[in-house]
A.B. asks: 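Sending over a structure as structure tokens; questions will come in a sec.
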Amino acid sequence: MSRVVVGISGGVDSSVAAYLLKEQGHDLIALFMVNWHERVGNITSACTWEEDALIAEMVAKKLDIPFHIVDLSKDYKKRVVDYMFAEYQAGRTPNPDVLCNREIKFDSFLDEAMKFDADFVATGHYCRKSEVEVNGETIHRLLAGKDPNKDQSYFLCQLNQQQLSKAMFPVGELLKPEVREIARKQNLPTAERKDSQGICFVGKVDLPTFLQQQLEPKPGNVIEIPATFSEKKKQLEVSEENYRKLCFSFPYKPWNGKVIGEHQGAHFYTIGQRKGLNIGGHKDPLFVLGTDVKRNIVYVGEGQNHPGLHRKGLFVAHDDMHWIRHDLKMEVGEKRTFDIRIRYRQPLEKGTLHLNKDGAWFLFDNEQRGITAGQFTAWYLNDELIGSGVIA
RNA sequence: GACUCAGUAGCUCAGUUGGUAGAGCACAUCCCUUUUAAGGAUGGGGUCCUGGGUUCGAGACCCAGCUGAGUCA
């Protein structure tokens, strides 16, 4: 039997993960990590990590396994929160939780686990693992969780083989209701606890409030782009010379539309966003088509079907390409089809990845809504996550 | 200066032959969701420009005024 450090958070998923490992007879240690101390915003109901830690400890006691707390807030601040602010500042939309897994749970936290002589680190993620032999080398595969509604493989899309080799995902074979059921049967204190949401570890905080801790408000114009304008730009054939136009967001200019309102800072908005524009008087809702943080302009379009909301492809720079399956890494000049995800909980979409000297060009069979720079794209073959990269 | 049209929720407007008001958007809350979005549900909101008049009763009819847009000179 192996020695396993299970990261427990005070939620059901990690509690049940711990229980299952215990049942399998592993030598278990529960480790709770603190990643954020500050209380931000004046959200009175915001629960602090102390409460989570308390409940996590109750779970550990119930399962009769040793419980420890480790404070990783310094790392979290430096490697996740700072990145997040920097990305927003630059006009991109980051995914802090993907970074949290790569930089914290499967790095700093894994290091801590190693101090307990752990063979593995387990988490409550809804995903699965398996191995294949390729030329005598063991390759770890990251697979989607069995519950299609809860699959969290996307959040682990930036892990490498080293990290994956140490990971265990005990709930990946289960459906969420089954996890709840087990928790209830075992009388775990987390059985009926509401799932966590919001940026992991920072907690239930209103994102705009959180961003305003660091980013200054800066009033600027909201400009509406007529649907007819975007329509004209779209009659492009999918060919290599058109990749740039098809795979980058259109560089709108102020004279492409008319000023219809004011915003409090272009860096607070993301493509596809509807809420928070504070502009009424239209027949259909307005959605953000793009932002320009240099000129501090937010470009919007009216209606779900505004052509400017949809794009045929996206681009990932060579340096931002990450292959979990490094044995499947493509050569420059190659083209392959994958099932592609452009953000968490987005259905997989068929598309072709063409790697050329400039980088990776992803062309979808169908236009995608709200492709946003800074988010991660992840490509799959069936259930398996093959690689991921930052959308340019 | 004359004439025409308009003035109803934060915004854009609808309100039939007069019976104290509605829709979309916006906003709020909740649901969904370990990113950002989206989506779903619910909800708060109006001295119907002002002052008179007709009427049992006016957002609607009449008169005057104010404001805005336009047309003509």
Side-chain angles (χ1 to χ4, degrees), chain A residues 7-14 33 35-36 43 45 47 49 52 76 80-81 83-85 87-88 90-105 123-127 145 147-158 171 176 193-208 210-211 222 224 260-263 267-291 298 300-306 309-310 341-347 368-378 388 390-391:
Chain A
I8 61 172
S9 64
V12 240
D13 302 331
S14 56
M33 62 183 142
N35 286 312
W36 196 251
I43 294 151
S45 64
C47 56
W49 66 269
D52 292 328
Y76 189 79
V80 179
V81 177
Y83 144 85
M84 194 175 142
F85 283 125
E87 287 288 287
Y88 272 110
R92 289 185 293 266
T93 306
N95 188 323
D97 290 355
V98 169
L99 267 281
C100 177
N101 282 299
R102 186 183 79 191
E103 302 291 328
I104 306 297
K105 288 181 196 162
T123 65
H125 283 108
Y126 283 85
C127 57
D147 187 335
N149 190 45
K150 292 298 296 184
D151 171 34
Q152 289 171 327
S153 56
Y154 177 84
F155 283 127
L156 304 176
C157 69
Q158 285 276 299
V171 301
K176 183 79 187 193
R193 242 189 143 205
K194 196 169 163 8
D195 286 355
S196 71
Q197 54 191 354
I199 303 161
C200 89
F201 298 114
V202 174
K204 286 187 225 168
V205 71
D206 180 51
L207 194 84
F210 186 70
L211 290 179
V222 175
E224 179 179 0
I260 57 162
E262 194 178 73
H263 65 253
H267 47 261
F268 292 126
Y269 296 86
T270 187
I271 291 175
Q273 178 173 345
R274 168 178 176 176
K275 293 280 173 185
L277 283 164
N278 248 299
I279 299 171
H282 289 70
K283 188 174 177 297
D284 290 311
L286 298 172
F287 296 94
V288 175
L289 302 182
T291 60
V298 173
V300 300
E302 181 174 359
Q304 280 288 10
N305 298 320
H306 189 106
L309 257 184
H310 302 80
R341 177 166 282 146
I342 58 168
R343 55 156 59 99
Y344 180 54
R345 280 179 68 79
Q346 193 80 0
Q368 298 298 301
R369 184 203 137 103
I371 295 174
T372 306
Q375 292 281 291
F376 288 89
T377 183
S388 66
V390 185
I391 298 171

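Note that these values count all heavy atoms, side chains included, but never hydrogens, waters or copies made by symmetry. So you know, we letter chains A, B, ... as the sequences are listed, proteins then strands, and number each from 1.
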A.B. asks: If the plane angle is over 60° it's perpendicular, under 30° parallel, otherwise tilted; pick one for A:His263 and A:Tyr269.
C.D. replies: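 Perpendicular.
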A.B. asks: Tell me what A:Gly272 touches on the nucleic acid: a base, only sugar-phosphate, or nothing, going by heavy atoms under 4.0 Å.
C.D. replies: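 Since only primed, P, OP1 and OP2 atoms lie under 4.0 Å of A:Gly272, the category is sugar-phosphate.
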A.B. asks: When we call it a touch if two heavy atoms are under 4.0 Å apart, what does A:Leu99 touch: a base, just sugar-phosphate, or nothing?
C.D. replies: nothing
A.B. asks: Could you check which of B:G39, B:U36, B:U34 has an atom nearest any side-chain atom of A:Gln152?
C.D. replies: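 Looking only at heavy atoms from C-beta outward on A:Gln152, the closest nucleotide is B:U34.
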A.B. asks: Using a heavy-atom cut-off of under 4.0 Å over every strand shown, decide if A:Tyr88 touches base, sugar-phosphate, or nothing.
C.D. replies: sugar-phosphate
A.B. asks: Side chains of A:Phe376 and A:Ile342: closer than 4.5 Å at any heavy-atom pair?
C.D. replies: no
A.B. asks: Quick one: look up who B:U35 pairs with, Watson-Crick or G-U, both distances under 3.5 Å, and put none if it's unpaired.
C.D. replies: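 Across any shown strand, B:U35 pairs with none.
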A.B. asks: Which base sits across from B:A64 as a Watson-Crick or G-U pair, both distances under 3.5 Å?
C.D. replies: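 Across any shown strand, B:A64 pairs with B:U50.
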A.B. asks: At under 4.0 Å, does any side-chain N or O of A:Lys150 touch on OP1 or OP2 of B:U34?
C.D. replies: yes
A.B. asks: Determine whether a donor-acceptor pair (one donor, one acceptor, N or O, separation below 3.5 Å) exists between the side chain of A:Lys105 and the base of B:U34.
C.D. replies: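 Such a pair exists between side chain and base.
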A.B. asks: Could you check whether A:Tyr154 gets within reach of a base, just the sugar-phosphate, or nothing at all, counting any heavy atom under 4.0 Å?
C.D. replies: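 Nothing: the residue A:Tyr154, judged by heavy atoms under 4.0 Å, touches no strand.
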A.B. asks: Does the A:Arg343 side chain pair with the main chain of A:Gln375, one donor and one acceptor, at a distance under 3.5 Å?
C.D. replies: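 The answer is no, because no donor-acceptor pair under 3.5 Å joins these two groups.
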A.B. asks: Which base sits across from B:U55 as a Watson-Crick or G-U pair, both distances under 3.5 Å?
C.D. replies: none
A.B. asks: Students often get this wrong, so: under 4.0 angstrom with heavy atoms, is A:Pro94 touching a base, only sugar-phosphate, or nothing?
C.D. replies: base
A.B. asks: P atom, B:G45 versus B:G40: distance in rounded Å?
C.D. replies: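 B:G45 and B:G40 have their P atoms separated by 24 Å.
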A.B. asks: Pick the P atom in B:C31 and in B:U36, then give their distance to the nearest Å.
C.D. replies: 15 Å
A.B. asks: Rounding to an integer number of angstrom, what distance separates B:C49 and B:G7 when you compare their P atoms?
C.D. replies: 8 Å
A.B. asks: So, is A:Lys194 close to the B:C30 phosphate, meaning a side-chain N or O under 4.0 Å from OP1 or OP2?
C.D. replies: no
A.B. asks: Side-chain N or O of A:Arg345 versus OP1/OP2 of B:C32: is the shortest distance under 4.0 Å?
C.D. replies: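 Result: no.
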A.B. asks: For A:Lys176, report the nucleic acid contact type (base, sugar-phosphate, nothing); a contact means any heavy atom under 4.0 Å.
C.D. replies: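 A:Lys176: no heavy atom of the nucleic acid under 4.0 Å.
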A.B. asks: What's the shortest heavy-atom distance between A:Arg369 and A:Phe287, and which atoms?
C.D. replies: NH2-CD2, 3.7 Å
A.B. asks: Write down the partner of B:C11 under the Watson-Crick or G-U wobble criteria, each distance required to be under 3.5 Å.
C.D. replies: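 Across all strands, the one nucleotide that pairs with B:C11 is B:G24.
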A.B. asks: Return yes if the base of B:U36 and the side-chain atoms of A:Gln273 contain a donor-acceptor N/O pair under 3.5 Å, otherwise no.
C.D. replies: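 Flag unset: no donor-acceptor pair detected.
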A.B. asks: Taking only the C1' atom of each, what is the distance from B:G19 to B:U54 in whole angstrom?
C.D. replies: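 Comparing C1' positions in B:G19 and B:U54 gives a spacing of 16 Å.
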A.B. asks: Any side-chain heavy-atom pair from A:Val98 and A:Asn101 closer than 4.5 angstrom?
C.D. replies: no
A.B. asks: Within the structure, does a side-chain N or O atom of A:Tyr344 lie under 4.0 Å from either OP1 or OP2 of B:U34?
C.D. replies: yes
A.B. asks: Report the base-pairing partner of B:C3 (Watson-Crick or G-U wobble, both distances below 3.5 angstrom), or none.
C.D. replies: B:G70
A.B. asks: Mind checking whether A:Val12 and A:Asp195 have side chains closer than 4.5 Å, heavy atoms only?
C.D. replies: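 Side chain of A:Val12 against side chain of A:Asp195, heavy atoms only: contact under 4.5 Å found.
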A.B. asks: Assign A:Arg369 to base, sugar-phosphate, or nothing according to its heavy-atom contacts below 4.0 angstrom with the strands shown.
C.D. replies: sugar-phosphate
A.B. asks: Using the C1' atom as the point on both nucleotides, what is the distance between B:U17 and B:G51, in whole Å?
C.D. replies: 28 Å
A.B. asks: At 4.0 Å (heavy atoms only), tell me whether A:Gly124 reaches a base, stays on the sugar-phosphate, or touches nothing.
C.D. replies: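 Nothing, no heavy atom under 4.0 Å.
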A.B. asks: Remember a base hit wins even if backbone is also touched, and classify A:Gln304 as base, sugar-phosphate or nothing at under 4.0 Å, heavy atoms.
C.D. replies: sugar-phosphate
